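Below is one structure; the comments refer to it alone.
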Amino acid sequence: MSNEQNMIQTALEAARKPEIITAPDGTPLLIYPNGNNSWGCNSLARTEPDRKRGTTQLHDTDSLIKFVQKHKQDGSEIYINADFGKGYISVIAVLNGDTATESGFGDHRAVFHPKHTPDASAWLQNNHKRMNQADFAAFLTNNARHIVAQNPSNEHVKYPTGAEVLDFALNLEYTEKTTFKQGYREQDGRINFTFQSEDAGKNEQNLKMYEKFGIAFTPYLNGDSFFVEAALKFRIDKNNGSLELWYELQQIHNVMEQAARGIADSLQQAFEDLPIYYGEPA
């Protein structure tokens, strides 16, 4: 074999040695001769991710704002999907979206579906729900801490205190074995229930409760609180004298709408440097 042939052979053998190259997405690849003039290729472990990706679920507005502020870049944009009339809002932040001149991957996102507070869930789930004495008394007892005597936007209107409502709830428990005769509204805004107790013979007794009471209502986790008026409703069964009670949250749809709009306003203020769209991303 001539020197020229030796040099060619040496060059060919050198060219067929394993080599590490980098793919367009930054992944290191090991290529190696695989026999029969073919090559094999294996992906190697990366020392760091090629880029950010994935979807993060967030539960309150502050967390969404902090997350987006940390990861925003050119092409980041916010999408708000809202039906304010129904108190519905959800938010998707696309952190690596398109710029005006370049396409983005669009696969690094933050999603925010506001979660009701446990207290709001309890009041909403039992709104308009008819309950017997024991169940209604238990509900008021468990939620008396939310009851407030004053509406911040109308301080001239007075409502019963949490202690007064709790006292009514306790009296409901004590009068469970009774026959209710009637309930009527008095001029001072209270409902007067007339009943006969098994323990007191046929003597009629009275139990009073305000027709309306107020609650401090916080719809979403770490969100704003609102005053909500609750109207007390009742029904007396004329056949057996049993008493059903429930409450109706007044203008609750308006409150939920305000809460949803408050979230949108907070995002508008926090992300003045980012495009915000009302809709959903592709």
Side-chain angles (χ1 to χ4, degrees), residues 61 82-90 114-173 180 182-193 206-237 242-266:
T61 308
D83 185 340
F84 292 123
K86 295 181 179 179
Y88 171 81
I89 185 171
S90 66
K115 287 185 174 291
H116 287 145
T117 63
D119 297 338
S121 294
W123 285 103
L124 290 171
Q125 289 170 5
N126 289 281
N127 189 27
H128 291 265
K129 180 181 177 181
R130 297 189 177 196
M131 295 176 250
N132 59 34
Q133 284 176 249
D135 290 342
F136 193 72
F139 178 83
L140 290 181
T141 300
N142 292 334
N143 294 278
R145 64 187 181 278
H146 310 136
I147 294 173
V148 293
Q150 198 170 59
N151 181 351
S153 62
N154 189 356
E155 297 181 356
H156 299 292
V157 179
K158 300 298 181 182
Y159 295 88
T161 64
E164 289 174 317
V165 175
L166 183 60
D167 182 64
F168 171 72
L170 294 175
N171 284 324
L172 275 180
E173 293 180 347
F180 281 85
Q182 63 177 337
Y184 58 90
R185 292 170 177 80
E186 298 185 331
Q187 292 183 351
D188 62 359
R190 291 189 294 178
I191 300 175
N192 190 0
F193 295 103
N206 295 315
L207 175 63
K208 295 185 178 183
M209 172 56 181
Y210 286 88
E211 182 181 7
K212 299 176 181 179
F213 57 95
I215 62 174
F217 185 80
T218 306
Y220 298 120
L221 291 174
N222 297 328
D224 295 332
S225 292
F226 301 85
F227 176 87
V228 174
E229 183 181 271
L232 178 66
K233 302 294 182 179
F234 68 93
R235 178 182 177 277
I236 297 174
D237 190 317
S242 63
L243 176 65
E244 282 187 329
L245 301 113
W246 66 96
Y247 62 87
E248 296 178 0
L249 299 178
Q250 305 299 291
Q251 304 296 321
I252 189 61
H253 293 332
N254 291 341
V255 171
M256 298 305 295
E257 178 180 349
Q258 291 179 53
R261 288 188 181 276
I263 292 174
D265 291 343
S266 296

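All values below come from the heavy atoms of this structure, side chains included, with hydrogens, waters and symmetry mates left out. Since the model is a prediction, treat every value here as computed from it, not as a measurement.
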> What's the spacing between Glu164 CD and Met209 CE if we round to 0.5 Å?
Replying inline: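 One finds 9.0 Å between CD of Glu164 and CE of Met209.
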
> Can you tell me how far CG of Asn254 sits from CZ of Arg261, rounded to the nearest 0.5 angstrom?
Replying inline: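 Those atoms lie 10.5 Å apart.
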
>> Per the salt bridge (Lys or Arg N to Asp or Glu O under 4.0 Å) rule, what does the pair list look like for residues 117-133, sequence neighbours excluded?
In response: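 Sorted result for residues 117-133: Asp119-Arg145, Arg130-Glu244.
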
> Applying salt bridge (Lys or Arg N to Asp or Glu O under 4.0 Å), which residue pairs with at least one partner in residues 149-159 are found, sequence neighbours left out?
Replying inline: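 Applying salt bridge (Lys or Arg N to Asp or Glu O under 4.0 Å) to every pair that reaches into residues 149-159, excluding sequence neighbours, yields nothing.
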
For residues 221-233, please give each side-chain donor-acceptor pair under 3.5 Å, one per line with the distance, not counting sequence neighbours.
from, atom 1, to, atom 2, distance (Å)
Asn222, ND2, Asp60, OD2, 2.4
Ser225, OG, Thr218, OG1, 2.5
Glu229, OE1, Tyr159, OH, 2.5

Partners meeting side chain to side chain donor-acceptor pair (under 3.5 Å) with [X] (sequence neighbours left out):
X      : result
Thr141 : none
Gln250 : none
Asn151 : Ser153

Minimum heavy-atom separation for [X] and [Y], please, with both atom names.
X      : Y      : result
Met256 : Phe217 : SD-CE2, 3.8 Å
Ala260 : Tyr220 : N-CE1, 4.3 Å
Phe139 : Ala122 : CE1-O, 3.8 Å
Asp135 : Asn132 : N-OD1, 2.8 Å
Ala120 : Pro219 : CB-O, 3.7 Å

State, yes or no, whether a side-chain contact exists between [X] and [Y] at a heavy-atom distance under 4.5 Å.
X      : Y      : value
Asn126 : Tyr247 : yes
Gln251 : Gln258 : no
Ile89  : Pro114 : yes
Leu140 : Phe136 : yes
Ile252 : Leu124 : yes
Phe168 : Ile191 : no

>> Could you walk me through whether Ile147 and Leu166 satisfy the side chain to side chain contact (heavy atoms under 4.5 Å, CB included) test, starting with their C-alpha distance in whole Å, then the side-chain angles of each, then the deciding distance to 0.1 Å, before giving a yes or no?
In response: CA-CA 9 Å; Ile147 294 173; Leu166 183 60; over 6 Å; no

> Does any N or O in the side chain of Asn127 come within less than 3.5 Å of the main-chain N or O of Leu249, such that one atom is a donor and the other an acceptor?
Replying inline: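 Flag set: sc Asn127 to bb Leu249 pair under 3.5 Å.
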
> Does Asn142 reach the main-chain N or O of Ala138 with its side chain, forming a donor-acceptor pair under 3.5 Å?
Replying inline: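 It does hold such a pair.
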
> Parallel, tilted or perpendicular: which fits the ring planes of Phe213 and Trp123, with parallel below 30° and perpendicular above 60°?
Replying inline: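 Aromatic pair Phe213/Trp123 classed tilted.
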
